[in-house]
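First up is the structure itself, then whatever we jot down about it.
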Amino acid sequence: MSFTPMPSIRSRLVVLVLACILPSAIMVGGLIFHDYQSDRERIIANVITTARTMILAVDQRLLVTRSGLSALAVSPSLRTRNFASFYEEATASLPELNAESVALLGADGEMILNTLKPFGAPMPANHASQLAQVLQSGQPVFADLFTGSVAGNRRVAVGVPVIHDGKVAYSINASITPDRLQTILLQQRLPAEWVGAIIDNAGTIVARSRDQERFVGVKVSAAGIERLNGQRESAVEVKSLEGIPALSAFSRSGMSGWAVALIVPSSQLTGELGRSAFWLGMATLLLLGFTFALASSLGNNIIRTIRDLIEPAVALGGGAPLAAPPPSPLPLPRKPAFREAAQLGHALHQAALLLGAANNALTHSEGRLSTILESAMDAVIVLDEDHRVLMFNAAAERLFGCSRQEALGTSVAQFLPHRRDDPATPIDFVNRRGDATAQTGSAEPLVGLRRGGEEFPIDAAISQFVENGRRIYTLLVRDVTERVRAHDELLRSNLDLQQFAFVASHDLRTPLRSVMGYLQLLERRHGPGLDPKALDLIHRASVAVQTLDHLTDDLLRYARVDGQVKPFTTIDCNEVLADTLKLMDAAIVESAASISAGRLPVVLGDRAQLVQLFQNLLANSITYREARPPQIRVSSEPGPDAVWTISVADDGIGIELVHHERIFEIFKRLHTTQEFPGTGIGLALCRRIVERHGGRIWVTSAARQGSTFSFTIPMIPGGHR
């Protein structure tokens with residue numbers, strides 16, 4: 001029997017080769033484009049990272065100055081009003097402050113001294129208005145670029161308050177010239193084409209790595225200021241101040257609100273990438289052309305091989321014997337058909353050899369697996385369907401004090417004993433504990449039993465598979481005695497902390513109340529005979545004592561969040577809100593507040609702490625309100641990742657975006673106690689309670705547009721609202 005190949009096989013092979021190459025060419029083109037975009041994004045990310053590093057260097061520089069000023073603020077010379085001595089201290093500290101000058105302002109805002117002028121010289125009346133905020137808020141201030149009234153040149157400043165007897169008595173301010181800030185930019189050794197700039201809160205350039213004298217004091221565009229105020233980090237295509245197309249990337253400080261912006265010319269950003277993409281495309285085209293030529297050549301060889309193998313294949317199909325190749329290579333016949341057939345036979349022979357090698361490799365692999373199990377730190381026990389031991393590694397021998405020979409074939413119950421009040425098997429114990437851990441995040445440790453009868457706490461995990469129709473279990477066991485001991489010590493520590501909180505509450509507040517009683521008694525008995533200034537001092541002292549009492553109470557509540565650890569139980573947030581409204585009835589009536597609520601979920605939590613959380617958020621909405629009665633709405637909605645989002649929204653005075661993170665820090669206040677009462681602990685306490693419940697808290701707000709405080713709390717698995 002003979003067979004002649006079809007004449008069109010060559011043309012079909014060419015079509016097949018083209019069909020294989022064209023998708024590859026398209027894919028390579030897509031990969032080149034994707035690689036170009038990825039490289040561009042990587043370069044942009046590197047620019048943003050550089051900006052972030054530089055703003056951290058600026059923050060570090062400002063922190064050094066602020067820390068030095070804080071040290072000067074406690075100078076005894078200020079308390080004794082020895083300004084000449086303080087002038088000498090301030091002058092000596094200039095190198096450590098890395099500042100040009102130090103100025104001292106009185107409580108009335110008038111400049112008392114400035115190290116740029118001799119002590120006792122007349123001081124100008126004008127100074128940076130931002131530094132007056134130190135006297136008003138009692139908080140450190142980073143002043144934007146201004147023209148100094150003494151030196152007459154541009155500079156920025158850092159100001160800190162001096163507190164005497166609970167009041168702001170002075171403001172100490174250190175001025176820094178743009179040249180000093182430019183040094184920070186130059187130390188980063190930016191590429192020659194890059195430009196770095198430090199921008200203050202007003203969007204004004206205060207330092208620049210290039211052409212500083214030309215651009216210091218120039219404001220960035222309105223769009224740039226909007227991006228600086230609305231985002232922490234960003235990158236966008238712009239035109240530089242020199243009119244060059246460029247990439248502008250910035251990173252803003254959460255401490256000062258200033259930003260570092262980097263300007264990278266677009267030609268530098270895209271030029272090298274474009275050249276790389278061009279040469280990569282050319283190399284790809286050459287490679288595809290070579291591949292097509294090689295595929296065509298191989299196709300011709302395949303056609304010849306097919307033609308040579310057809311007759312032997314037909315003969316084999318007809319029952320004719322085909323001799324197997326000898327075990328060692330022999331000279332092959334010259335005819336192509338027999339050559340290919342002989343090569344195929346040798347290939348089969350080599351395949352048999354490789355199969356044997358694979359079996360040997362499998363044997364070695366099993367040996368390595370056995371070695372790994374024997375060297376494992378955790379005990380590994382393999383059980384059959386009846387929970388009898390099939391394998392017992394060396395770690396299991398050490399853990400349970402039982403040899404492998406003694407353990408094989410015995411029930412695992414001798415290592416994981418039955419509980420007297422529970423008939424479940426040890427495997428059920430392990431599975432049940434795994435379910436409890438998945439639902440609650442924790443579970444009581446299991447108990448192991450050593451050969452000598454000693455019980456000890458363990459962690460265990462189990463997996464299973466089916467082999468020949470029978471179920472096989474693999475049990476991993478770890479001794480957690482040290483972890484349980486540490487947990488018990490933590491519980492004892494928490495109890496000690498709780499006891500300390502009770503003692504501190506009594507020992508701190510009792511003297512405060514005694515002082516308050518004495519002040520009230522003094523005012524009743526001797527008030528008519530005292531002048532208005534003395535009565536004002538008594539009133540101020542009473543207010544200070546009340547503030548300290550409230551601060552002590554808030555601090556104790558803050559410390560008890562983790563000190564009074566209670567197991568979480570199922571809590572209906574609707575009942576929590578109802579309890580909170582009862583506690584706040586007087587404040588609600590006094591403010592004429594209107595509070596509405598939607599349906600709230602059922603969660604796992606600490607009831608007392610959730611009441612405290614709702615009480616603080618509602619009190620915040622009632623306190624920071626406009627002149628009209630506040631309108632407050634409490635709502636909830638399911639969110640992604642199996643959490644509830646609960647929100648408290650009001651129509652109060654609102655919070656500027658720059659303060660959204662700061663308000664959750666302890667003692668951070670945006671207003672003085674004369675404007676709004678409070679200790680600066682309430683929102684920090686809220687965040688601590690929410691984090692203990694496995695959630696997070698944030699605020700959505702803008703000035704004069706109300707605030708919405710939202711927090712998340714995990715859903716109960718399989719639970720409901």
Side-chain angles (χ1 to χ4, degrees), residues 128-144 199-204 219-232 234 252-259 584 587-598 613-635 637 645-665 667-684 686-687 696-711:
S129 60
Q130 296 180 63
L131 296 176
Q133 296 178 11
V134 178
L135 300 169
Q136 298 170 4
S137 65
Q139 299 291 330
V141 168
F142 300 93
D144 296 336
I199 303 170
D200 63 19
N201 280 295
T204 305
K219 280 188 175 292
V220 301
S221 65
I225 295 177
E226 183 176 357
R227 282 194 300 273
L228 287 172
N229 292 334
Q231 296 176 324
R232 187 69 177 269
S234 180
R252 183 168 54 82
S253 167
M255 179 187 73
S256 65
W258 295 4
M584 301 183 63
I588 293 172
V589 171
E590 181 182 354
S591 63
S594 174
I595 302 177
S596 61
L613 173 62
F614 276 96
Q615 185 175 357
N616 283 3
L617 293 179
L618 291 175
N620 231 40
S621 295
I622 292 175
T623 300
Y624 296 96
R625 66 179 190 268
E626 300 284 1
R628 60 182 180 274
Q631 303 289 324
I632 304 172
R633 171 70 179 172
V634 183
S635 61
E637 62 178 7
T645 299
I646 301 177
S647 301
V648 177
D650 61 50
D651 59 349
I653 64 174
I655 305 167
E656 294 183 359
L657 179 62
V658 69
H659 301 303
H660 284 189
E661 289 294 331
R662 180 184 174 213
I663 58 175
F664 292 103
E665 299 176 12
F667 299 129
K668 297 296 184 182
R669 290 177 47 83
L670 306 182
H671 307 86
T672 64
T673 54
Q674 287 76 20
E675 295 175 297
F676 295 101
T679 60
I681 298 178
L683 288 177
C686 290
R687 180 166 67 177
R696 65 184 187 90
I697 187 170
W698 69 95
V699 64
T700 304
S701 179
R704 303 298 176 187
Q705 297 182 20
S707 303
T708 300
F709 285 86
S710 304
F711 63 91

Give the minimum heavy-atom separation between [X] and [Y], together with the two atoms involved.
X    : Y    : value
P630 : S621 : CB-O, 4.2 Å
I622 : A587 : CG2-O, 4.3 Å
I225 : G203 : CG1-CA, 4.0 Å
F664 : L683 : CD2-O, 3.8 Å
S707 : V699 : CB-CG2, 4.3 Å
L617 : C686 : CD2-SG, 4.0 Å

List for me each residue that meets side chain to side chain contact (heavy atoms under 4.5 Å, CB included) alongside [X], sequence neighbours excluded, and say none if there are none.
X    : value
A202 : D144, D200, T204, K219
Q705 : A702
R633 : S596, S635

Nearest 0.5 Å, please: how far is [atom2] in [Y] from [atom1] in [X]?
X    : Y    : atom1 : atom2 : value
R625 : T623 : CZ    : OG1   : 7.5 Å
F709 : I697 : CZ    : CD1   : 7.0 Å
Q231 : L657 : CD    : CG    : 10.0 Å

State whether the side chain of [X] and the backbone N or O of [Y] hold a donor-acceptor pair below 3.5 Å, judged by distance alone.
X    : Y    : value
R232 : R252 : yes
S710 : S647 : no
N201 : S256 : yes
H660 : W698 : no

Applying side-chain contact (heavy atoms from CB on, under 4.5 Å) to F711 and L613, what does each step give before you reach the verdict?
CA-CA 10 Å; F711 63 91; L613 173 62; 3.6 Å; yes
Whether over 12 other heavy atoms sit under 6.0 Å from E661 CD
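No.
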Is E656 atom CD crowded by more than 12 heavy atoms from other residues, nucleotides or ligands, each under 6.0 Å away?
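No - once you tally the heavy atoms of other residues, nucleotides and ligands closer than 6.0 Å, there are 12 at most.
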Would you mind checking if D651 and R628 are paired as a salt bridge, meaning a charged N to carboxylate O distance below 4.0 Å?
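So R628 pairs with D651 through a salt bridge.
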Between R687 and E665, does at least one N-O distance fall below 4.0 Å, as a salt bridge requires?
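Looking at E665 together with R687, the answer is no, because their closest N to O distance does not fall below 4.0 Å.
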Side chains of [X] and [Y] in contact at under 4.5 Å (non-hydrogen atoms):
X    : Y    : result
V648 : T708 : no
M584 : L618 : yes
R704 : I653 : yes

